[in-house]
2 protein chains.
Amino acid sequence: MTTDSDTPWLTDQEQRAWRTHLDVSRLLMHQLERDLQPFGLTNNDYEILVNLSEAEDHRLRMSDLATSTLQSKSRLSHQITRMENAGLVRRESCESDRRGLYAVLTEEGWDTMRRVAPHHVASVRKHFIDLFPAEDLQAFRASLTPVAEHLRKERGGL
Amino acid sequence: MTTDSDTPWLTDQEQRAWRTHLDVSRLLMHQLERDLQPFGLTNNDYEILVNLSEAEDHRLRMSDLATSTLQSKSRLSHQITRMENAGLVRRESCESDRRGLYAVLTEEGWDTMRRVAPHHVASVRKHFIDLFPAEDLQAFRASLTPVAEHLRKERGGL
DNA sequence: CCCATTTAATTCAGTATTCAACATTTACGG
DNA sequence: CCGTAAATGTTGAATACTGAATTAAATGGG
């Protein structure tokens, strides 16, 4: 059993680190969302556009897109429907596996991506990257990488 | 104007740091949510409980609670309604300012908090804190603190 | 070759979040 | 004081997210 006095409560240092991380992730997402708003995109929209832009032929299977954006299939399906209605992507059926579908960037989606990306990068710099002293960023990533690996193993489905 | 070649794209190092941060924050929230599920709480529920537990008299003004949990007033209002229905919290009117309301922890809310907290702390340790070499955690927090400060200044409303 | 499993993706119902509109009370400038 | 502006919270409708159930197609053991 777990009694109260057994519990390895967080030290002050740990508590501060943890809460700072929480605050930064939430505030940062809000800020990036706000910076994307003038372009009519959400963070989720943008991330889909990035993934498709970087993909072979500007297309990815729904499954792969769900995996790489860390979303459930259900959520991705809704998300793509919305983006399809907005004209940014389209669905195309897959020859080799008739269950499958590709999400494909449209011309308009690609144009949007190229137009918005510089502003988004500026936003990421302004509110995150450029606030680290050059050395620290490397250390920051090094610290976080094992955490990311651990979490990826831990999770079953989303 | 902003042309493509003007844009200070992220370097490889920067890109990796940024994406790792993104992945960790999302995966971590999912994992914590999953670990709370057996207790019938969401991350949001838990955070409200923490804030009220630490507050004078186990009560906070709706506004203050919204500010410290970084949520909009509307969202908090709905959230508290749900928690009220679940018996964790109740609303009490405020003497000194008749517009105002307190959110107050109920007995059941306080019991729940004490029962769940050890498990939640264990979860935070397992998936985050304990994955940092002792020295690194301090450096991690130090790097993130200016980011948090910047973001707090930047944001107007939520 | 067939049936049982697994995989791909969507749908539906329930829940949560956002955004704007609203009611009420307080603050403040003249 | 008065009247306008600002602050506190809630509400409702529209939108988004979740998790389970569903459809359809591929896989694989006997």
Side-chain angles (χ1 to χ4, degrees), chain A residues 26-27 29-34 36-38 40-48 52 59-86 88-104 155-158, chain B residues 26-27 29-38 40-48 59-86 88-104 155-158:
Chain A
R26 272 183 297 199
L27 289 167
M29 286 310 119
H30 275 295
Q31 186 60 52
L32 296 183
E33 193 92 45
R34 279 166 40 137
L36 279 175
Q37 231 155 26
L41 296 179
T42 65
N43 284 337
N44 283 340
D45 294 337
Y46 186 83
E47 198 184 11
I48 301 290
L52 292 178
R59 75 183 53 216
L60 282 173
R61 289 288 295 272
M62 292 298 279
S63 277
D64 297 336
L65 195 47
T67 301
S68 66
T69 58
L70 302 173
Q71 306 183 53
S72 69
K73 288 172 171 226
S74 171
R75 180 173 171 179
L76 178 67
S77 188
H78 289 300
Q79 172 76 33
I80 293 297
T81 299
R82 269 172 265 140
M83 292 179 75
E84 209 169 18
N85 293 336
L88 299 169
V89 299
R90 64 174 179 280
R91 281 182 238 244
E92 272 183 29
S93 54
C94 173
E95 297 302 313
S96 61
D97 182 342
R98 258 172 297 190
R99 292 168 300 183
L101 288 175
Y102 286 104
V104 188
R155 91 179 184 315
L158 292 163
Chain B
R26 270 182 299 199
L27 290 168
M29 286 308 118
H30 275 294
Q31 187 60 52
L32 295 183
E33 193 93 45
R34 277 165 41 137
D35 290 351
L36 279 175
Q37 233 156 24
L41 295 178
T42 65
N43 284 337
N44 282 340
D45 294 336
Y46 186 83
E47 198 185 10
I48 301 290
R59 76 184 51 219
L60 283 174
R61 287 289 296 273
M62 293 297 280
S63 275
D64 298 335
L65 195 47
T67 301
S68 67
T69 58
L70 303 172
Q71 309 182 51
S72 68
K73 289 171 173 226
S74 170
R75 179 174 172 178
L76 178 67
S77 188
H78 289 300
Q79 172 77 31
I80 292 296
T81 299
R82 269 172 266 139
M83 292 180 75
E84 209 169 17
N85 294 334
L88 298 170
V89 152
R90 64 173 180 280
R91 281 183 239 244
E92 273 184 28
S93 55
C94 173
E95 299 301 315
S96 61
D97 183 342
R98 257 171 299 191
R99 290 167 301 184
L101 287 174
Y102 286 103
V104 188
R155 93 179 183 314
L158 291 162

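Each chain gets a letter, A, B and so on, in the order its sequence line appears, and its residues count up from 1.
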| message | For B:Lys73, is there any backbone N or O sitting under 3.5 Å from a side-chain donor or acceptor partner on B:Ser77? | response | no
| task | Check for a donor-acceptor pair, side chain of B:Glu84 on one end and backbone N or O of B:Arg91 on the other, with a separation under 3.5 Å. | result |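 Such a contact is found between B:Glu84 side chain and B:Arg91 backbone.
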Could you check how far [atom1] of [X] sits from [atom2] of [N], rounded to whole Å?
X       : N      : atom1 : atom2 : answer
A:Met29 : D:dC17 : CE    : P     : 14 Å
A:Asn43 : C:dT17 : CG    : C1'   : 15 Å
B:Arg75 : D:dA14 : CZ    : P     : 21 Å
A:Arg98 : D:dT27 : CZ    : P     : 11 Å
A:Lys73 : C:dC12 : NZ    : C1'   : 18 Å
B:Arg61 : C:dT26 : CZ    : C1'   : 11 Å
B:Arg82 : C:dA16 : CZ    : P     : 5 Å
A:His78 : C:dA8  : NE2   : P     : 19 Å

| field | Base of C:dT7 paired with side chain of A:Arg99 (donor-acceptor, under 3.5 Å) | value |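 Yes, the side chain and the base share a sub-3.5 Å donor-acceptor pair.
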| said: Once you apply a heavy-atom cut-off of 4.0 Å, does B:Ser74 come out as touching a base, just sugar-phosphate, or nothing? | reply: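 Base contact - B:Ser74 has a heavy atom under 4.0 Å of at least one base atom.
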| message | If you compare every side-chain N and O of B:Gln37 against the phosphate oxygens of D:dG19 (OP1, OP2), does one of them come in below 4.0 Å? | response |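 Answer is yes, contact under 4.0 Å.
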| field | Derivation of the side-chain hydrogen bond (donor to acceptor under 3.5 Å, both in side chains) call for B:Arg82 and B:Gln79 | value | CA-CA 5 Å; B:Arg82 269 172 266 139; B:Gln79 172 77 31; 3.2 Å; yes
| field | Spacing of B:Arg90 atom CZ and B:Leu101 atom CG [to the nearest 0.5 Å] | value | 13.0 Å
| task | Nearest-nucleotide wise, let me know which of A:Ser77 and B:Glu95 is further upstream toward the 5' end of DNA chain C. | result |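 In this pair, the answer is A:Ser77.
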| If you find the nucleotide of DNA chain D closest to B:Asp97 and the one closest to A:Asn44, which residue's nucleotide is nearer the 5' end? |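 Here B:Asp97 is the residue nearer the 5' end.
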